[in-house]
Amino acid sequence: MKYLDEYRDPAKVKSLLREIESIVTKNWVIMEICGGQTHAFLHHGLDDMLPPQIELVHGPGCPVCVTPLEQIDKAIAIASRNDVIFTSYGDMLRVPGSEKDLFSVRAGGGDVRVVYSPLEAVQIAEDNPDKQIVFFAIGFETTAPANAMAVLQAKNKNVKNFSVLVSHVRVPPAMEAILSSDKNRVQGFLAAGHVCAVMGFHEYPPIAEKYHVPIVVTGFEPIDLLNGMYSAIKQLEAGEALAENRYQRAVKLEGNESAQRTIRSVFESVDRKWRGIGDIPQSGWGLRPEFAAFDAEKRFDVGNIFTQESPLCIAGEILQGMKKPLQCAAFGNECTPQSPLGAPMVSAEGACAAYYKYHRDVAYG
Ligand code: SF4
């Protein structure tokens, strides 16, 4: 297939659904890791079309959703300073901290700017030598190469008024944290194709073997998602647990080695706190010691901010596949996209936002 439309062909979708139906004999719980995949499933109505034996749960692969509340509060504390121009991807501006969000900081006179690349932030730093420019470096392995590149560029150009507030996370340790929980329900994963395009999928076979779960690398179009689902169900029904690549047009086993080298030249594996989930060992990227001068947490001394989540929000259980958005009592009541209590309702990739947007409250309510 060459064109995007072909990956949305209704006849092929129906045919794949029939194939899945023909092989499923038991109940299975499958988690799609990525928030983009969650939205694609709901946007195309595929979750409703799957056989009833298959329960889809939604994983932690939404970078805005897993960025801890205190990291938002640190961003707000830095962005509120008169000497700072705070730069970020647009999604982060609406995420509520414990008292306000970055939009409120901007409304109050703070210089908070949306950028489309961290390299723009480096340029802003060069153009404003009398200000401190901070970039909010969040995300999974997909955004890490560009963020690492920005730090390298700032270092090479000797741009001293640039720093990054880092909250990078990695997928494989999160999968292991989900699978090793005594409350785990996940029996198979659809892994995020774009993450694997960067990192490859060589980290997955040991996880599949250790926890005896199929892990199928999957894209984002209906045919991709259903192909991935077919492979996962086929393996489960056969008692197999393999790491399999069903996104061959974008993913190689070894991934993009040049991008990985760039990441590792700037970042190293660190323990990281995930919003709603807690600390996961070695689940993040942090700046290597030789790049400590670019660490905004150290530059602005905000490392000691700690914040409590809303007690109403069950995002942690949703992001681990233990519950679904409609099981949250606040869904559509205290928590809506206009007035979100938790990050999964704010982010364009959040599961709660997807259920709200695609009216799953009506479908299931
Ligand atoms: S509906 Fe709102 S409060 Fe409930 S889990 Fe989702 S984000 Fe949290």
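As the structure is a computational prediction, the values presented were derived from the model and not from experiment. FYI, the numbering just counts along the sequence from 1. Each ligand, and each atom within it, is numbered from 1 in the order the structure gives.
Checking C313 against atom 8 (Fe) of ligand 1, an N/O/S atom falls under the 2.8 Å cut-off.
Close approach of ligand 1 to F331 is summarised as follows: ligand atoms under 4.0 Å from at least one heavy atom of the residue are 1 (S). Contact atoms of ligand 1 toward G342: 7 (S) (distance under 4.0 Å to a heavy atom of the residue). Taking every non-hydrogen atom of I318 and a distance limit under 4.0 Å, the qualifying atoms of ligand 1 come out as 5 (S). Ligand-side atoms of ligand 1 in range of M345: 7 (S), range being under 4.0 angstrom from any heavy atom.
A salt bridge between K155 and E290 is absent, with no side-chain N of the basic residue lying under 4.0 Å from a carboxylate O of the acidic one. Using a cutoff of 4.0 Å between basic side-chain nitrogens and carboxylate oxygens, E55 and R185 are scored as salt-bridged. Salt-bridge annotation for K234 and E244: absent, with no side-chain N of the basic residue lying under 4.0 Å from a carboxylate O of the acidic one.
Side chains of T218 and E32: no donor on one and acceptor on the other come within 3.5 Å.
For an aromatic pair to be called close, the ring centres must be under 6.0 Å apart, and H194 with F140 fails this. Aromatic rings from H58 and Y355 are positioned such that their centres are separated by under 6.0 Å.
In this structure, atom 4 (Fe) of ligand 1 lies nearest to the protein heavy atom C328 SG, 2.3 Å. Of the protein's non-hydrogen atoms, C335 SG, 2.3 Å is the one closest to atom 2 (Fe) of ligand 1. Looking only at protein heavy atoms, the nearest one to atom 6 (Fe) of ligand 1 is C352 SG, 2.3 Å.
The minimum heavy-atom distance linking A232 with I30 is given by the pair CB-CD1, 4.3 Å.
Distances shorter than 4.0 angstrom occur between a heavy atom of A315 and an atom of ligand 1.
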